[in-house]
Amino acid sequence: MGHTSVSSRRISPRGSPPNLRRTPPKIRKILVIKEKRAAETEDPVMDELLLASKLKRVDSATGCVSPRAPSTDIAPTVPPTSTTTATVPRPTQKAPKTPYVILPACDTFEKFRKTSRVSVDIGGTLIKVVYSSVMDDELPEEKNGQKRKYAYEDGKRVLVNFKKFTDLDRLINFLREVWTDRKAGDVIHCTGGGSYKYSEIIMKELGVRLQRTDEMRSLIYGVNFLLSTNVDESFTYHHDAIGLNKFQYRPIAADLIYPFLLVNIGTGISILKVDSPTSYERVGGSSMGGGTFMGLGSLLTPAQNFDELLEMANKGDHRNVDKLVSDIYGGSYDELKLKADLIAGSMAKCNRFGETPKKQVHKPEDIAKSLLLMVSNNIGQMAYLYGTRYNLKRIYFGGYFIRQDPITMRTLSFAINYWSRGEIEALYLKHEGYLGAMGSFLDEEGKLDD
């Protein structure tokens, strides 16, 4: 299947992944200042989604549409936890400007009122951070008619906050600022490949111990927790709508969450069948994921990082490099129900074999667009096939490859809709890049690295 045309080094222990550069000491202070200034303008689309409170809701079970829907009183799904005691209250803070989720007031999360918790997921490209904070002020979530209780008897609320970095030193400097109550013996939860590579650096720089959690288990813990706790965690994307109407929340009752398929798109792709909070299986995957997009993009365009490559893709016209059905048949292929603007061959117009050699005329923006469609379209088709194999109607896409990018979501949604003949919708997660970090935050059974 094609897609409808859219116009629109080896790492040393002291090193960093390809895009997680360790900044030279002389300019670290300057970059830290720049990081502070840029923090509030980073990822505007994502932040807008995470913090908006007036998006349309479409109930997953009934299909009923409403401006908003109250959450249930069912306790959130969290992994088994151990009890800890603390005597020193934590200082309260103002409402964060970074994305956050307010935790329900219950015994499970009460310990975070007095003791901070920090978790990091260090991948091959990004570092994702989840950390707790406490505040006294009432939040919008408490004013929207939701039944769940958020404030404890002393009036304090516990939040989990979300932030990302591409530089290890910026991460460490940030944690020094926000993790003010840390002391010797405290533990930072960590998952991802970087939890092995950078454990010594993190422990030395922050003066804490590191608890390493299993990457796949953290992923499942994170998605289970967010789906059961955050009423507006999942959403669908509708390209033809205007503004924020493109995004529609799809809340689902806690007792109807399972089973579902989770397609996690990172460097590669993992497809997981989740039957319950404790029962899951990796049923498939692919090597052609975000790493493919970045690798080919690096070879074929001047983009210097993932965000630049996405920006190029948003400006490009893939029809200049992709061969469409109409390029072959002069129009649609009605016998096979192939529309004229479907992609017949990704980058097929770049073929110069058998032709007189001439200067390459294809724009990098067009190549980037074609790359993004090629990767996204194949992921969408594969996700549908696995969903069909296991008879699963709910397919969630996660991983930081998506980035709430309109082209990516439109392509994935189109593929699912096309192959299912409109019976299945692609579902996205607002905290898509933070699932592993969120699960590591909750996991009490990791391995301590002293």
Side-chain angles (χ1 to χ4, degrees), residues 1 3 57-64 72 74 76-77 79 215-238 247-266 268-290 375-402 408-433 435-436 438-439:
M1 183 202 74
H3 182 275
R57 290 194 179 120
V58 181
D59 187 85
S60 294
T62 66
C64 294
T72 66
I74 299 176
T77 300
E215 190 168 1
M216 200 59 64
R217 186 173 67 181
S218 294
L219 179 70
I220 298 300
Y221 279 3
V223 69
N224 285 340
F225 171 79
L226 288 167
L227 283 175
S228 62
T229 303
N230 187 24
V231 67
D232 291 328
E233 181 60 34
S234 66
F235 65 94
T236 53
Y237 178 78
H238 305 268
F247 310 96
Q248 293 182 9
Y249 287 143
R250 295 303 297 265
I252 185 167
D255 57 347
L256 297 177
I257 290 175
Y258 308 98
F260 64 84
L261 199 71
L262 175 62
V263 182
N264 191 57
I265 312 170
I269 304 164
S270 286
I271 299 180
L272 300 106
K273 177 175 174 282
V274 184
D275 295 308
S276 76
T278 57
S279 176
Y280 59 90
E281 177 186 7
R282 186 183 187 274
V283 295
S286 172
S287 62
M288 197 171 84
V375 173
S376 302
N377 196 36
N378 277 277
I379 294 172
Q381 182 179 9
M382 181 173 62
Y384 164 75
L385 292 174
Y386 275 100
T388 301
R389 177 182 178 184
Y390 294 102
N391 195 30
L392 296 174
K393 299 295 185 181
R394 282 194 301 280
I395 302 177
Y396 293 97
F397 290 89
Y400 225 86
F401 169 75
I402 301 172
T408 307
M409 291 190 295
R410 182 185 184 186
T411 309
L412 292 172
S413 297
F414 174 85
I416 295 295
N417 180 75
Y418 180 94
W419 288 106
S420 70
R421 292 181 171 84
E423 293 183 4
I424 303 175
E425 283 188 299
L427 296 165
Y428 304 97
L429 300 164
K430 291 193 293 184
H431 299 86
E432 58 191 1
L435 303 181
M438 187 71 247

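Note that these values count all heavy atoms, side chains included, but never hydrogens, waters or copies made by symmetry. The shown structure was predicted, so the numbers you read here are calculated from the model rather than taken from an experiment. If you read the sequence from its start, that first residue is 1, and numbering goes on from there.
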Item to complete: Assess the pair Y428 and Y396: is the distance between their ring centroids shorter than 6.0 Å?
Response: no

Worksheet item: Hey, does L261 have a side-chain heavy atom less than 4.5 Å from the side chain of V274?
Response: no

Discussion item. Using side chain to side chain contact (heavy atoms under 4.5 Å, CB included), reason through I252 and F260 one step at a time and then give a plain yes or no.
Written reply: CA-CA 12 Å; I252 185 167; F260 64 84; over 6 Å; no

Worksheet item: Does any non-hydrogen side-chain atom of Y237 lie less than 4.5 Å from one of R410?
Response: yes

Worksheet, complete the sentence: So the salt bridge (charged side-chain N to carboxylate O under 4.0 Å, His left out) pairs with at least one residue in residues 275-286 (sequence neighbours excluded) are K273-D275

Response to the item:
Minimal heavy-atom distance between S376 and L412, with the atoms involved, is O-CD2, 3.1 Å

Discussion item. Closer than 3.5 angstrom, by distance alone: can the side chain of T229 be matched with the main-chain N or O of L226 as a donor-acceptor pair?
Written reply: no

Worksheet item: How about L429 and L227: do any of their side-chain heavy atoms sit closer than 4.5 Å?
Response: yes

Item to complete: Supply the atom-to-atom distance I220 CD1 to F225 CZ, rounded to the nearest 0.5 angstrom.
Response: 15.0 Å

Discussion item. Within the 4.5 Å heavy-atom criterion, are S286 and I379 side-chain neighbours or not?
Written reply: no

Discussion item. Strictly distance-based, threshold 3.5 Å: is any side-chain N or O of E233 a donor or acceptor partner for the main-chain N or O of H431?
Written reply: yes

Item to complete: Check Y280 against M216 and note the closest heavy-atom contact, atom names and distance.
Response: CE1-CG, 4.2 Å

Fill in: I395 vs L427, side chain to side chain contact (heavy atoms under 4.5 Å, CB included): CA-CA, chis, key distance, verdict
CA-CA 6 Å; I395 302 177; L427 296 165; over 6 Å; no

Worksheet, complete the sentence: On a heavy-atom basis, the closest approach of I402 and M409 is CG2-CG, 3.8 Å

Discussion item. Please give me the minimum heavy-atom distance between N377 and T411, naming the atom from each residue.
Written reply: N-CG2, 3.5 Å

Item to complete: Report yes if some heavy atom in the side chain of Y258 is under 4.5 Å from a heavy atom in the side chain of N224; otherwise report no.
Response: yes

Worksheet item: What's the verdict on side chain to side chain contact (heavy atoms under 4.5 Å, CB included) for L219 and L262, showing C-alpha distance, side-chain angles and the deciding distance?
Response: CA-CA 10 Å; L219 179 70; L262 175 62; 4.0 Å; yes

Fill in: T236 side, atom OG1; Y249 side, atom OH - distance, nearest 0.5 Å
11.5 Å

Worksheet item: Considering all heavy atoms of both residues, which atom of S218 and which atom of G436 are nearest to each other, and what is their separation?
Response: CB-O, 3.4 Å

Worksheet item: Between S234 and R250, is there a donor-acceptor pair closer than 3.5 Å when you use the side chain of the first and the backbone of the second?
Response: yes

Response to the item:
With sequence neighbours left out, the residues meeting salt bridge (charged side-chain N to carboxylate O under 4.0 Å, His left out) with E215 are none

Practice prompt. Specify the closest pair of heavy atoms between I257 and R394, including all atoms of both residues, with the distance to one decimal.
Written response: O-NH2, 2.8 Å

Worksheet item: Donor-acceptor pair, K430 side chain versus D232 backbone, under 3.5 Å?
Response: yes

Item to complete: Evaluate the criterion ring-ring contact (aromatic ring centres under 6.0 Å, His included) for residue pair Y386 and Y384; output intermediate values, then yes/no.
Response: CA-CA 5 Å; Y386 275 100; Y384 164 75; over 10 Å; no

Practice prompt. Hey, could you give me the CD/CG distance between E425 and N417, rounded to the nearest 0.5 Å?
Written response: 8.0 Å

Discussion item. Do L272 and V223 have side chains that approach each other closer than 4.5 Å (heavy atoms only, starting at C-beta)?
Written reply: no

